[in-house]
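Below is one structure; the comments refer to it alone.
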Amino acid sequence: MKDRLTELGYAAGWRLARTLPLPAARALFNAGADRAARGNGPGTQRLRRNLRQVVGPELPEAELDELVRAGLRSYARYWMEAFRLPSQSKKDFLRDFDLLDEAEIDEVLAQGNGAVLALPHTGNWDAAAAWLVSKGHRLITVAERLRPEGLFERFVAYREKLGMEVVPLTGGQRAPLDVLAERLAEGWAVALLADRDLSARGVEVEFFGGRTRMPPGPALLALRTGAPLYAVDLWFTEKQTVGSIRRIEPATEGALDVRVKVTTQRLADAFAEGIARHPQDWHMLQKMWLTSAARV
C-alpha cells in the first residue's frame, strides 16, 4: 500500500508541475522546501550534517541554517523542473542549460570514442542530459531499481522520453558495464551519478576531510575502454542550469584495483571542488560519510 501511494504521489507531482504556470510552480515548490526546513525532519537533518562537513566548523549556525534552506529550495527546484521536462521542447532544452565547455565535449564526441561523464547530485542532471541529446549526441545512463517497480518504470520512461537510453543497475539481461562499454565504442556519452555508492562495495575515498565510498564504474569504464573521463559540475543560476567539465586522467600504474582507486579519488577531488563552489546545489539528503564527520 505504501509503495502504491509513493508511486501515485510522484505521478501527481508530474501532472501538477506541468499544469501550473511556472511562477506558481516555483512558489509552490519553494513553500514546500521552506516547510521542510522548518520541520527539520530526517532528510533535512542529514542535509545539514552533510553541508556542515562541506563548509567546516567555522560557518556560524545561522548561516548554516540559511544554507540548508537554500539547499532544500535547490532540491525542490530540481524536482519541479524534472516534473516539467517531459512537456518541454528541444528548443527549451537548449535554452535552459548552458555548458561552459560546450566546444570540448562536441569535439571529443565527434572523434567517435565516446566519453564517460561522472556527476555528483548537483543542479539538474536531467536538464543537462536533455540538452546533450538535443544537440544530436547519443547518451546512455544507469537507473537505480526503485521500489515500487511501477515507480522505477515511470522514471525509465521519463528519461527515455528525454532521449536517453536507460539500463537498470540491477535485474537487467546483461551487466550494465558491458552495455556501457559497447556504447562507448560506438561513440556514445555515458552519464553516471558517481558521488554516492549504492552497492556497499564501492571505492573508499577521502572527501571533505572524511571517508566515504564512491562507485567504481566511471573509473572502470575509462580504464577498460580508453574513453576520456570527465567530472561534471552543475549548478543553478536564476534561469538556467549551468555546467562545466574537467578531464580526469586515469591512473596508469599498478594493478587494476589500485588504478581504479586512484582514479576514483581524482574524481572525488574534482567533485569536492565543484560542490565547495556551490554547496547549496548539492542534493545529498542521505548518509554520506562512513564515520563521524571529521570536520565538524
Side-chain angles (χ1 to χ4, degrees), residues 10-26 28-29 74-143 151-168 179-180 182-184 186-193 227-228 230-245 281 283:
Y10 277 97
W14 257 297
R15 289 194 298 270
L16 180 62
R18 280 185 283 180
T19 56
L20 286 174
L22 181 57
R26 283 176 175 163
L28 178 64
F29 278 76
S74 177
Y75 188 47
R77 175 175 171 176
Y78 163 73
W79 283 110
M80 185 270 292
E81 292 185 358
F83 288 148
R84 293 173 68 89
L85 278 174
S87 62
Q88 293 184 299
S89 67
K90 181 184 294 187
K91 181 179 178 181
D92 295 328
F93 297 151
L94 294 172
R95 178 199 64 206
D96 293 341
F97 180 81
D98 180 33
L99 182 66
L100 302 183
D101 316 273
E102 179 177 356
E104 180 172 353
I105 197 65
D106 285 342
E107 180 180 353
V108 165
L109 291 175
Q111 294 171 1
N113 298 320
V116 181
L117 306 174
L119 305 88
H121 288 76
T122 52
N124 187 336
W125 47 92
D126 290 322
W131 174 86
L132 194 68
V133 171
S134 296
K135 285 173 55 67
H137 299 302
R138 296 169 295 174
L139 177 69
I140 186 169
T141 190
V142 174
L151 181 60
F152 169 74
E153 292 172 353
R154 283 181 184 272
F155 270 100
V156 169
Y158 153 68
R159 290 193 166 102
E160 287 178 341
K161 187 171 183 179
L162 297 180
M164 304 173 236
E165 181 179 348
V166 182
V167 295
V179 178
L180 300 179
E182 286 184 4
R183 294 294 181 268
L184 285 169
E186 296 166 356
W188 290 49
V190 170
L192 299 171
L193 288 167
Y230 287 91
V232 182
D233 184 23
L234 301 174
W235 65 94
F236 286 130
T237 64
E238 182 179 354
K239 295 183 178 180
Q240 289 181 302
T241 294
V242 180
S244 65
I245 58 176
D281 291 325
H283 308 145

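- Put simply, CH2 on W235 and OG1 on T122 are 9.5 Å apart, with the number rounded to the nearest 0.5 Å.
- With salt bridges taken as basic N to acidic carboxylate O contacts below 4.0 Å, none links E81 and R84.
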Return a table of donor-acceptor pairs under 3.5 angstrom between the side chains of residues 93-100 and protein atoms on other chains or two or more places apart.
| unit_1 | atom_1 | unit_2 | atom_2 | d |
| --- | --- | --- | --- | --- |
| R95 | NH1 | D92 | OD1 | 3.2 |
| R95 | NH2 | D92 | OD1 | 3.4 |

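- Scanning both residues, S244 and D101, for their nearest heavy atoms gives CA-OD2, 3.1 Å.
- The shortest heavy-atom contact between G123 and H283 is O-CE1, 3.1 Å.
- Of all heavy-atom pairs between P228 and G114, the closest is CD-O, 3.3 Å.
- In terms of heavy atoms, V142 sits closest to P168 at CG1-C, 4.1 Å.
- Going from atom CD1 of I245 over to atom CG of D233 covers 11.5 Å, rounded to the nearest 0.5 Å.
- Taken to the nearest 0.5 Å, the CG atom of L119 stands 9.0 Å off from the CH2 atom of W125.
- Relative orientation of the Y78 and Y75 rings is parallel, given thresholds of 30° and 60° on the angle between their planes.
- Heavy atoms only, all atoms of each residue included: T237 and R77 are closest at O-NH1, 2.7 Å.
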Exercise for review: Could you give me the CA-CA distance, side-chain angles and deciding distance for V108 and Y230, then say whether side-chain contact (heavy atoms from CB on, under 4.5 Å) is met?
Suggested key: CA-CA 11 Å; V108 165; Y230 287 91; 3.2 Å; yes
Review point. When you look at M80 and L22, which way does the side-chain contact (heavy atoms from CB on, under 4.5 Å) test go after all the steps?
Key: CA-CA 9 Å; M80 185 270 292; L22 181 57; 3.9 Å; yes
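- In this structure, the side chains of V133 and L162 stay at 4.5 Å or more apart for every pair of heavy atoms.
- Annotation: side chain of Q88 is in contact with side chain of L85 (closest heavy-atom distance under 4.5 Å).
- Judged by distance alone, the side chain of T141 and the main-chain N or O of A191 form a donor-acceptor pair under 3.5 Å.
- Taking CG of L184 as the reference point, atom CD of E182 lies at 10.5 Å (rounded to 0.5 Å).
- Residues meeting the salt bridge (Lys or Arg N to Asp or Glu O under 4.0 Å) test with D281, sequence neighbours left out: none.
- The salt bridge (Lys or Arg N to Asp or Glu O under 4.0 Å) contacts involving residues 110-137 comprise E102-K135, D106-K135, D126-R159, where partners must be two or more places apart or lie in separate chains.
- Taking CH2 of W131 as the start and CD1 of I105 as the end, the distance is 8.0 Å to the nearest 0.5 Å.
- Closest approach of P120 and L193 over heavy atoms only: O-CD2, 3.6 Å.
- For the atom pair L109 CG and L139 CG, the distance stands at 9.5 Å (nearest 0.5 Å).
- Within 6.0 Å of the CD atom in E107, the count of heavy atoms belonging to other residues, nucleotides or ligands does not exceed 12.
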